Each structure stands twice: as structure tokens, then as C-alpha cells.
Amino acid sequence: MQSRDLEGLEGKSVTLTGWIDSFRQLGKITFVIMGDPEGNYQAVAREEMARKIVQVPRQSYIKIWGPVARGQGKASPFEVRIEGFEVINSADTVLPIDPASKVNSELTTRVNNRPLDLRVPEERAVFLTRAKAMQIIREFLTGSGFVEVDTPKIIATASEGGAELFKFDYFGRPAYLAQSPQLYKEELVLSLGKVFEIAHYFRAEKSNTVKHLNEFTSVDIEAAMAMRDDAMKLIEGLVREMYRGLEVNYAMPERFPVYTYEDIVNHAGLKFGDDLSSEVLNDFGRGKGYYFIVDWPISLKPFYTMPKGDALSESFDLMYGGLEIASGGQRIHQHEMLYSRLKASGLDPESFSEHLKAYRWGMPPHSGWGMGLDRLLMVLMNRENIREVVLYPRDSRHLAP
RNA sequence: GCCCUGGUAGUAUAGAGGCCCAGUAUGCGGCGCUGUCACCGCCGUGACCCGGGUUCAAAUCCCGGCCAGGGCGCCA
């Protein structure tokens, strides 16, 4: 309930439930700032009622009743004149954070007390935006002919090599938590054509940065008969749609600039084949918004990446400044080529036999990408730390809450 | 894995060897105030991460531990 929602109820008596955000006591009149999932609104108690209600601990969940009247509040043209109240469940008087936000707690303290933290409308807004973002993504991709799929997160073999995976015991056999849906989404292209998945993935890397988590959310797509440029157009369109749908002001360029890997290597004075470090990307990306880096050396990309000429690949990364938001490109669809790329990447084709099967059944050419949703949201909401846009972040130091 | 920084009331902070049995804000308890809007004023409450050491004297310096934040690497 927000003050403006009370407008149509002027003169009527209402009964509302919610929590007490704060009190402003002025002698015989007390203003009670009430909160509920929709927002904050003002209620007023006088005389005896005022004396009684201020004894209820802040953040307690209560029921109030009384008529709605026009008020003089700056942010609350309408208010509830409290005729009675009932404490449904009281809160501790010592709270680990201050939901009235008179003192701002640190991110760690807030995350450790997330449910209470989210009683702050501004903090709740982050996750309402996140929810809406996911809705926009689903609508955009579904509207573009993609089918939403669910692939397993418990897997038997490493999907791409590279990142460390979490290993665990699966009824006596070794199993891993999925690092990406890469192999499954490519297999599904065979019959579904265009697929997408929004899910959590896991990396067992002991990263200690503001942009890495051990459990993160990825938006993945894969599309039959799409070329790399089609995949790039799609993600650019999706990013634009998200800014539009979420009403985030941002000076979006006509088109996202495209740089080649070689441009950056030359700019940084590196040699072909060197990976681009955070330092190089931060330097190159300084002052830049969204842009693409294309034509990476095949040696720096996973085995399923389609080669371009001898040394390059049909790949791209979507960047924001120095931060990698997504990566993708065209994939290999020919069995023989995939087999030899596996070997060239130092992987054992035998352990990918389940996956390779699909490439003998008429696999169409295809392209796709995987996008770090948390990272995009971080940029979109102008947050410094990925943990700010994840409800219960998992990093190497935090397994709880 | 490497490196840097930091742990002071519930929360957020001041503090750089004696001015500190630790100051401020907010919270909490109390008193006053009839329209606030971070209401205000007054009183009270509550803290130096743990263990050693140096020193006449340690929140402050040194060593170790634990915990946390961040950078690099890895990676999305």
C-alpha cells in the first residue's frame, strides 16, 4: 500500500496489515510510517492510541483500522487515522540493521540479514527490477520464436573444460554441478531450432572480486541457422529492450561499437594469442558503455567455437566498460570438426560421446550466447558489487544465509 | 593460488602511545512537545575480534591467530 493507493478510499474505513517502519512522536499526535510489500504510507494516532502504539517495537507486523483522510504529509497526501490496532507478531527491539535507513549498514551486514534488508523499499526495488527483467527476457525471447527449456544441473562430465566444477557423490558415481547449459542447448537445436534457458550455474573457482560468484544466473540462447552476427543482433536487441522495459535512462548508441581482438591487442601492446587481462580490459573499456569484441583467437575459445580462417574464431564477447557481460558466437555443427577440435583442446572425445551423437543426426548450423544476468543487472542498476543484485549470494566465503 | 587493507556499542563511525574507565550519529529506555516528514529538545543505556609481547602507560606499536573487505589470477 502506498499513500496514493489510499486516495480512492478517502472517507472510508479500512483495515490494513503491514509493518511499522518508524514513528514520529509529537506530544499527543504520533505519525506511524507503515510499510508493506507495496511501499510505505502514513498513519496517524492521537492521544491514548498514540501512547499505546509507540510501545510496539518497530518492524512488528500489525493490523490497523480507521478512516482514510486527506493529510498534510509531503510524501503522503492521504493517511489512515488509526482507531485501533492489533499486534499480529512483534519484532525484536534490537535489529541487526536499520530498515528505516537512518544509518546505512554495509552490504555484508545487509546480505546477512536479507529479509529485514528487503523491508527497505529501495533495496526491495532492486529485486522487483530483477524479477521484471527476467519477465522481459522471457517475453523478448519467446516473442522472437525461442522455446524455453530446462536442462540438468547435475551432470556426469565437465561441459566445456576450463572452469573448475563442484564435484560430489551421486549414488557412488562422481557427478558435477553444471557450469553452463552449453552442450544441452546445442543438442536441442537439432529439434527445437531456437532455445533459451535462464538458470543457475556453478563454478568452483575461489574468485574474490565484486563480479564473480560461485553460483550465478545465466541467460543462454542457441539458434539454428543463425550466424554470429545474428546472435550479436539478438543480444543487442535484448539489452535495448531491457533498458526500455525497465525505464532505465541511458544514452544508448545507435549501434554497439564492434572492436576486434586484434584492435585491443594492438592498443595494449600485446601479441596475438595473449589473453586479455582485467587490467587490459579495464583500461580499454574505460569510459565505454556497451561494445563487442569479435574475432578472438580460436586458441582462447572453447572447443565448440566455429573457427574463422586458420587462427581466429566466429566469436564475440559483449562488454560494458571492462566487464564481460556475455560471450557467444557460431558453433561447430560438423561432427568431424567438433571431434578434432576436442582433441586439439586437450579433451578426450570419448567422454563427450553422448554429446557427439547428436552431430551425426543432421545438426543444423547454429549460433548462440550466454549472458551473465547478475552482471547485466549490476550495470543496469549501477551497482558496484554483484552481491547487491543477488538475494543470497554464494561466494567462497559465504555458504549462508 | 598471490597481494593489499581492515576488525571500536545493535547499526554506522571518530580515534595515529598519556587529552579516552573511549567521542558522535542512529537504535533502545525515560521525560517534554498537537501536523511531523531523517521532527525536535533533555536525561539515561550500550563497544575497543582473540592470544602473546614492547612500554611507567596500548583501541593506538610489534608478533601470531581468527574473521572480513578488496585487487590480481581463474572466469560469466
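Because the structure is predicted, anything quoted here is derived from the model rather than measured. Chain A is the first sequence line, chain B the second, and so forth, proteins listed ahead of strands; every chain is numbered from 1.
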Need the pair for B:C31. Rule: Watson-Crick or G-U wobble, both distances under 3.5 Å, any strand; none if unpaired.
B:G41

Are OP1 or OP2 of B:G27 and a side-chain N or O of A:T93 less than 4.0 angstrom apart?
no

Look through every strand shown and name the nucleotide pairing with B:A25 as Watson-Crick or G-U wobble, where both distances are under 3.5 Å.
B:U11

Side-chain donor-acceptor pair under 3.5 Å between A:R130 and A:T217, yes or no?
yes

Roughly how many Å apart are B:C2 and B:A22, using the C1' atom of each and rounding to a whole number?
38 Å

Is A:R397 close enough to B:G69 that one of its side-chain N or O atoms is under 4.0 Å from OP1 or OP2 there?
yes

Both distances under 3.5 Å, Watson-Crick or G-U wobble: report the partner of B:G6, or none.
B:C67

So, A:F31 and B:G35: ring centres less than 5.5 Å apart, planes less than 30° off, yes or no?
no

Can you tell me how far P in B:U60 sits from the matching atom in B:G64, rounded to whole Å?
16 Å

Sticking with atom C1', work out how far B:G46 lies from B:U5, rounded to a whole angstrom.
29 Å

Quiz question: by atom type and distance under 3.5 Å, do the side chains of A:Y359 and A:E186 form a donor-acceptor pair?
yes

For A:R58 and for A:T108, locate the closest nucleotide of RNA chain B by heavy-atom distance; then report the residue assigned to the nucleotide nearer the 5' terminus.
A:R58

Any side-chain N or O of A:S278 less than 4.0 Å from the OP1 or OP2 oxygen of B:G73?
yes

Using atom P of each nucleotide, how far apart are B:C33 and B:A47 to the nearest Å?
32 Å

With a 4.0 Å cut-off on heavy atoms, is A:G370 in touch with a base, just the backbone sugar-phosphate, or nothing at all?
nothing

Applying side-chain hydrogen bond (donor to acceptor under 3.5 Å, both in side chains) to A:Y290 and A:Y250, what does each step give before you reach the verdict?
CA-CA 11 Å; A:Y290 292 101; A:Y250 178 72; over 6 Å; no

Closest approach to the side chain of A:V210, judged atom by atom: which nucleotide of B:A76, B:G71, B:C74 is it?
B:G71

With both distances under 3.5 Å as the test, what is the Watson-Crick or G-U wobble partner of B:U36?
none

Are there any protein N/O atoms within less than 3.5 Å of an N/O atom in nucleotides 1-7 of chain B, and if so, which ones and at what distance?
none

Any idea how A:Y261 and A:W296 line up, ring-wise: parallel (<30°), tilted (30 to 60°), or perpendicular (>60°)?
tilted

Closest to the 5' end of RNA chain B, once A:S327 and A:R46 are matched to their nearest nucleotides, is A:R46

Applying a 3.5 Å limit to both distances, which nucleotide forms a Watson-Crick or G-U wobble pair with B:G17?
none

Could you list the donor-acceptor pairs under 3.5 angstrom formed between side-chain atoms of residues 225-238 of chain A and any protein atom two or more places apart in sequence or on another chain?
from, atom 1, to, atom 2, distance (Å)
A:R228, NH1, A:D295, OD1, 2.6
A:R228, NH1, A:S315, O, 3.3
A:D230, OD2, A:M227, N, 2.7
A:E236, OE1, A:R255, NH2, 3.4
A:E236, OE2, A:R240, NE, 3.4
A:E236, OE2, A:R240, NH2, 2.7
A:E236, OE2, A:R255, NE, 3.1
A:E236, OE2, A:F256, N, 3.2

If you measure from the C1' atom in B:C74 to the same atom in B:G6, how many Å do you get, rounded?
25 Å

The salt bridge (charged side-chain N to carboxylate O under 4.0 Å, His left out) partners of A:E148 (sequence neighbours excluded) come to A:R138

Partner nucleotide, any strand, of B:C61 [Watson-Crick/G-U, under 3.5 Å]:
B:G53

Say you pick atom C1' in B:U26 and the same atom in B:A38; how far apart are they, in whole Å?
10 Å

Classify the side chain of A:Q42 versus the base of B:U36 as yes if they form a donor-acceptor pair under 3.5 Å and no if they do not.
yes

Between the protein and nucleotides 9-12 of chain B, which nitrogen or oxygen pairs are less than 3.5 angstrom apart?
from, atom 1, to, atom 2, distance (Å)
B:G10, O2', A:L95, O, 2.8
B:U11, O3', A:S105, OG, 3.4
B:U11, O2', A:S105, OG, 2.8
B:A12, OP1, A:E106, N, 2.9
B:A12, OP1, A:T109, OG1, 2.8

Taking any heavy-atom pair under 4.0 Å as a contact, classify A:L323: base, sugar-phosphate, or nothing.
nothing

Considering every strand shown, what is the Watson-Crick or G-U wobble mate of B:G1 when both distances are under 3.5 Å?
B:C72

Rounded to the nearest angstrom, tell me the gap between atom CD in A:E48 and atom P in B:U34.
16 Å

Taking any heavy-atom pair under 4.0 Å as a contact, classify A:N282: base, sugar-phosphate, or nothing.
sugar-phosphate

Quick check: do A:V126 and A:E388 have side-chain heavy atoms less than 4.5 Å from each other?
no

Check this for me: does the side-chain of A:R387 come within 3.5 Å of the base of B:G69 through a donor and an acceptor?
no

Let me know the distance between CD of A:Q179 and P of B:C74, rounded to the nearest Å.
16 Å

Rounded distance in Å between the P positions of B:C4 and B:G41:
46 Å

Closer than 4.0 Å, any side-chain N/O of A:H398 to the OP1 or OP2 of B:G69?
yes

Under 4.0 angstrom, heavy atoms only, what part of the nucleic acid is A:G372 near: base, sugar-phosphate, or nothing?
nothing

Just call it for A:R81: base, sugar-phosphate, or nothing, with non-hydrogen atoms closer than 4.0 Å on any strand.
base

Integer angstrom distance from the C1' of B:A12 to that of B:G51
28 Å

Could you check whether the rings of A:Y259 and A:Y291 sit parallel, tilted or perpendicular, using 30° and 60° as the cut-offs?
perpendicular

Does anything in residues 35-56 of chain A pair up under side-chain hydrogen bond (donor to acceptor under 3.5 Å, both in side chains), and if so which pairs, sequence neighbours excluded?
A:Q42-A:E79, A:E48-A:R51

Partner of A:I97 under side chain to side chain contact (heavy atoms under 4.5 Å, CB included), chosen from A:V120, A:V103, A:L116:
A:L116

Selected nucleotide, minimal atom distance to A:K102 side chain, candidates B:G71, B:A76, B:G27
B:G27

Report the residues that fulfil salt bridge (charged side-chain N to carboxylate O under 4.0 Å, His left out) with A:R124, sequence neighbours left out, ordered by chain and then residue number.
none

Touch class at under 4.0 angstrom, heavy-atom based, for A:E79 against every strand present:
base

Polar contact flag, side-chain donor to acceptor under 3.5 angstrom, A:E197-A:T151:
yes

